[in-house]
Asker: 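Following this message is one structure expressed as structure tokens.
Whatever order the structure lists them in is the order used to number ligands and atoms, beginning at 1. All heavy atoms count here, side chains included; hydrogens, waters and symmetry mates do not.
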Amino acid sequence: MASHKLLLLLAPIALWLAWIALRALSGHRPTRASVTVGLSLVTLLYFTGVVGTGIFWVATQELPVFDWHYLTGYLLLALTLVHVALHWRNVAAFLRRGSPAALVDPEKARFRAWVRAAARATALGACVTVAFMLGARHGGRELTVVTSACPADAAPLGKGALTPVQVVKAGSRTLPLAQLYHEGSSYPAHAALPGLTVKTRPDPYLGVSGPATPLPEAKPGGGVSVLQAYADWRAGRSSQPDARLTLEQLSAILYHAQGVNQTIERRNRSLDLRTAPSAGALYPVNIYVVVDDVAGLEPGVYSYHPKRGALILVKAGKNALWQLATASGSPGAYDTAPAALVLTTTFGRTAFKYEERAYRYVAMDTGHAAYNLSLTAATLGWRAPMIARFDDGAVATALGLDGTDEAPLLLIPIGKADKPSPEPLFASAPAVAGQRSFVDLIHGGTSLRMAGGGGPLPRHPATAPAPAPTDIALPAPAQGLPLLEAIRARRSGRDYTNATMTLAELSALFAASAGERADTPAQDPLLVTSAPLGLYAVVRNVAGLAPGVYRYLPLAHALAPRRAGDLSAAAEAACVQQEFCRTADVVFVKTVRWADLFLPDGDRGYRYANLRAGVVGEGLYVEAAALGLGVCGVGAFQDPDVAALVGVDPREEAPLYITTVGKKP
Ligand SMILES: Cc1cc2nc3c(=O)[nH]c(=O)nc-3n(C[C@H](O)[C@H](O)[C@H](O)COP(=O)(O)O)c2cc1C
């Protein structure tokens with residue numbers, strides 16, 4: 001938290017002042033010269049701090065250290081001002097000597113009265129501005145009221161939602177909880193509550209102990225293309241009507257979702273990289289397997305250990321799958337499922353580095369892992385719908401979790417067919433002010449509990465704008481490696497040559513991540529219940545496409561031009577100066593419209609949107625890997641600048657996530 005850091009950084013100044021006070025008490029009255037020397041040394045110390053943290057930040061991309069950088073910068077500025085104030089007479093005399101005659105009296109003894117008045121007014125203006133900025137930044141940080149409001153009257157954004165949008169009063173503003181969190185976790189940072197502060201880096205693996213079942217080798221060759229697997233998954237097809245889920249298949253599904261596929265040495269510690277990317281390589285995602293009928297496994301709940309390539313028994317028995325089915329949306333999807341996978345998140349792993357922005361990242365990381373998981377299951381012939389609509393407390397209990405430090409975000413039953421069943425209704429668990437952190441507030445406020453009853457869900461209306469003559473139809477997608485090979489080859493790449501991307505490659509990237517067709521509507525619950533995302537391409541270097549910003553039109557598989565010109569420098573600036581956002585051929589931006597997000601489940605839609613942004617992001621990653629292109633997710637960006645880049649108003653449509661793609665050297 002910045003205030004703790006500020007207190008720590010004030011320590012050298014406090015020590016120096018204490019030293020002066022002690023000397024004064026023992027009869028050594030400080031001279032102007034001794035104060036000046038002391039002040040110079042302390043100023044030098046902070047100067048070193050600003051430069052050092054700047055170099056460290058640039059070298060390692062450790063974003064939280066930016067706090068240290070700007071706080072030492074503010075203190076350096078304050079000390080420099082004190083320095084100037086202490087020597088004001090010398091400074092003024094120097095300025096007078098060098099000033100033009102119009103500004104000083106004939107003897108050059110004083111500035112003219114109007115110059116002095118203007119200088120005082122400027123100084124006063126500066127003080128008022130600083131006070132205002134401090135007030136705006138630190139005042140009104142308390143959440144004073146949290147009400148659960150009826151969407152129809154209190155939150156026009158949530159009109160038609162089944163679950164009320166929660167309206168929060170934060171200082172002088174009243175806004176939906178999800179928006180409060182999103183704005184509070186935007187860069188430039190202006191959090192309304194502290195981020196989750198985690199002092200020591202948590203272990204990236206769960207410390208579950210119990211009998212272990214080693215999993216067999218999980219690298220099947222061949223298989224279908226990324227695009228085919230994506231189409232099969234969306235259509236909810238299963239080609240395994242009579243088969244039993246084997247341990248080999250389960251192993252392949254788990255490995256391609258979270259398996260360790262490379263270990264690198266980084267700053268005196270080894271880092272296991274996994275098959276799905278993760279913001280800051282912090283890997284908050286855990287996978288539990290709830291087994292009913294898998295060849296070679298007793299029924300029960302197991303925890304997947306990616307490093308050991310093993311399943312650890314958490315609790316034996318058949319009950320848990322039934323508990324999941326009764327606690328979640330799409331209950332019919334469990335009827336034919338021999339097993340279900342639950343993706344949980346350990347918040348502290350990501351919050352350790354990203355504080356209040358961590359909630360966005362854990363949801364997107366989960367979406368990345370889920371894309372790999374579900375598409376791998378689809379290539380092996382299984383249905384694997386993503387179900388993000390469930391009673392949080394009941395699912396946590398089924399797995400034996402506390403639901404606080406580690407909580408479930410997504411359920412994926414591996415089954416054959418979806419038996420039609422009424423969709424249960426949920427109520428939101430009220431958000432509570434005074435949570436330990438901003439991350440807890442948003443997670444608690446987006447939690448659901450079963451409300452009984454059931455019925456049809458309001459579906460998101462298809463958002464297909466009328467075709468315009470300026471729309472550009474995309475050609476047939478380029479073909480690449482099969483899905484499983486592509487996942488295993490995937491790695492983040494930030495080094496791009498200036499080679500040009502083809503339109504067929506761009507077409508494949510869109511098709512694998514957000515492709516949707518009017519004649520094959522999605523069967524997957526996540527895609528149906530969550531708000532449709534906006535997907536924009538900031539194009540720098542694609543053959544046959546003028547540089548500019550385009551919006552993807554999924555139903556038409558076409559692009560609608562939005563802005564013309566090479567905006568790669570603006571993209572780099574918006575991505576907090578991450579250079580590869582300028583050198584990429586295309587920068588993809590995913591957004592969500594607030595008006596869509598609250599349907600059908602109120603603030604819960606914020607989770608859905610970030611999960612979905614991760615799913616779309618992984619589609620881009622995997623297809624890029626299939627085509628041999630370099631690709632990297634970007635979660636660290638200046639939110640208002642990205643909105644301006646793609647030409648949307650962030651109060652209506654919020655940027656969630658960026659992906660860069662370019663040609664590898
Ligand atoms: C949600 C998300 C946000 C990310 N944000 C950034 C980013 O801002 N800058 C960056 O260089 N890499 C970013 N990455 C890439 C990760 O650093 C990368 O996935 C991680 O180091 C693991 O390496 P791998 O992808 O090669 O397996 C992001 C990845 C994800 C999933």
Asker: What do the steps show when you test R551 against E653 for salt bridge (Lys or Arg N to Asp or Glu O under 4.0 Å), and what is the final call?
Answerer: CA-CA 13 Å; R551 188 186 169 113; E653 189 171 341; 3.5 Å; yes
Asker: With heavy-atom distances below 4.0 Å as the criterion, list the atoms of ligand 1 near H368.
Answerer: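 It comes down to these atoms of ligand 1: 31 (C).
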Asker: With atom 13 (C) of ligand 1 as the reference point, say which of G617, G633, A636, G614 has the nearest heavy atom.
Answerer: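 Result: the heavy atom closest to atom 13 (C) of ligand 1 is in G633.
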Asker: Do Q578 and ligand 1 have an N or O pair less than 3.5 Å apart?
Answerer: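 Yes - when backbone and side-chain N and O of Q578 are compared with those of ligand 1, one distance drops under 3.5 Å.
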Asker: Against the six-membered ring of Y657, is R360 placed for a cation-pi contact (under 6.0 Å from the centre, within 45° of the normal)?
Answerer: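 Relative to the ring axis of Y657, which defines the angle, R360 lies outside at least one limit.
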Asker: Please state which part of Y621 comes within less than 4.0 Å of ligand 1, counting heavy atoms only: side chain, backbone, both or neither.
Answerer: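 It is the side chain that touches ligand 1; the backbone stays farther off.
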Asker: Is it true that the NZ or CZ of R607 lies under 6.0 Å from the centre of Y181's six-membered ring and within 45 degrees of the ring axis?
Answerer: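 No, R607 does not sit over the ring of Y181.
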Asker: I need the atoms of ligand 1 closer than 4.0 Å to a non-hydrogen atom of G635, numbered in the order shown.
Answerer: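 Atoms satisfying the 4.0 Å criterion: 3 (C), 4 (C), 5 (N), 6 (C), 7 (C), 8 (O).
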Asker: Report, in ascending order of atom number, the atoms of ligand 1 lying under 4.0 Å from any heavy atom of V634.
Answerer: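 The atoms of ligand 1 under 4.0 Å from a heavy atom of V634 are 5 (N), 6 (C), 7 (C), 8 (O).
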Asker: Have a look at R494, R357, E579, R491 and point out the one with the heavy atom closest to atom 12 (N) of ligand 1.
Answerer: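 Shortest heavy-atom distance from atom 12 (N) of ligand 1: R494.
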Asker: Is M364 in polar range of ligand 1, meaning some N or O pair under 3.5 Å apart?
Answerer: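 It does not: no N or O of M364 is found under 3.5 Å from an N or O of ligand 1.
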Asker: Return the option from A281, S278, P277 holding the heavy atom at the smallest distance from atom 16 (C) of ligand 1.
Answerer: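 Going through A281, S278, P277 one by one, S278 has the nearest heavy atom to atom 16 (C) of ligand 1.
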Asker: So is R490 polar-close to ligand 1, meaning N/O to N/O under 3.5 Å?
Answerer: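 Yes, R490 has an N/O under 3.5 Å of an N/O on ligand 1.
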Asker: Hey, looking at atom 30 (C) of ligand 1, which of C575, A276, A279 has the closest heavy atom?
Answerer: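 Selected option, by shortest heavy-atom distance: A279.
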Asker: Which ligand 1 atoms, with their elements, are less than 4.0 angstrom from a heavy-atom of F580?
Answerer: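 Atoms satisfying the 4.0 Å criterion: 10 (C), 11 (O).
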Asker: Which of the numbered atoms in ligand 1 are below 4.0 angstrom from a heavy atom of D365?
Answerer: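 In order of number, 1 (C), 31 (C).
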